[in-house]
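Everything numeric in this text was worked out from a predicted model, so none of it was measured.
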Amino acid sequence: MSPEPGECLRLIAPGGIGRVAFSGSHGPTVLPVNYVPDDDAATVSGADVTPWAGGDRHLYIRIAPHQITGRRIHGL
């Protein structure tokens, strides 16, 4: 059973590493991203985001979800 949207938001609230999926030119594409929820702030400056792969990053995007869903992944 998938978590409810409120539970999903609670789980991602601390920020961290996630994935963004989209339909790319070669089909479905999933990329790892560092993220921080911005609580509808006017700008996303990248403050408090440290790239997991290291190095400088100067591109920040804002994503406004139309649907929030989740999956529980349990260890073996």
For residues 7-17, which side-chain donor-acceptor pairs fall under 3.5 Å, sequence neighbours excluded?
residue: Glu7; atom: OE1; partner: Arg10; partner atom: NE; Å: 3.1
residue: Glu7; atom: OE2; partner: Arg10; partner atom: NH2; Å: 2.9
residue: Glu7; atom: OE2; partner: Arg72; partner atom: NH2; Å: 3.0

Open item on the list: Could you check whether any side-chain N or O of Thr29 sits under 3.5 Å from a backbone N or O of Gly27, counting only pairs where one atom can act as donor and the other as acceptor?
Closed with: yes
Open item on the list: Under the rule for side-chain contact (heavy atoms from CB on, under 4.5 Å), what residues qualify as partners of Val20, not counting sequence neighbours?
Closed with: Phe22, Val33, Ile63
- [ ] Would you mind listing every side chain to side chain donor-acceptor pair (under 3.5 Å) that reaches into residues 19-28, with sequence neighbours excluded?
- [x] none
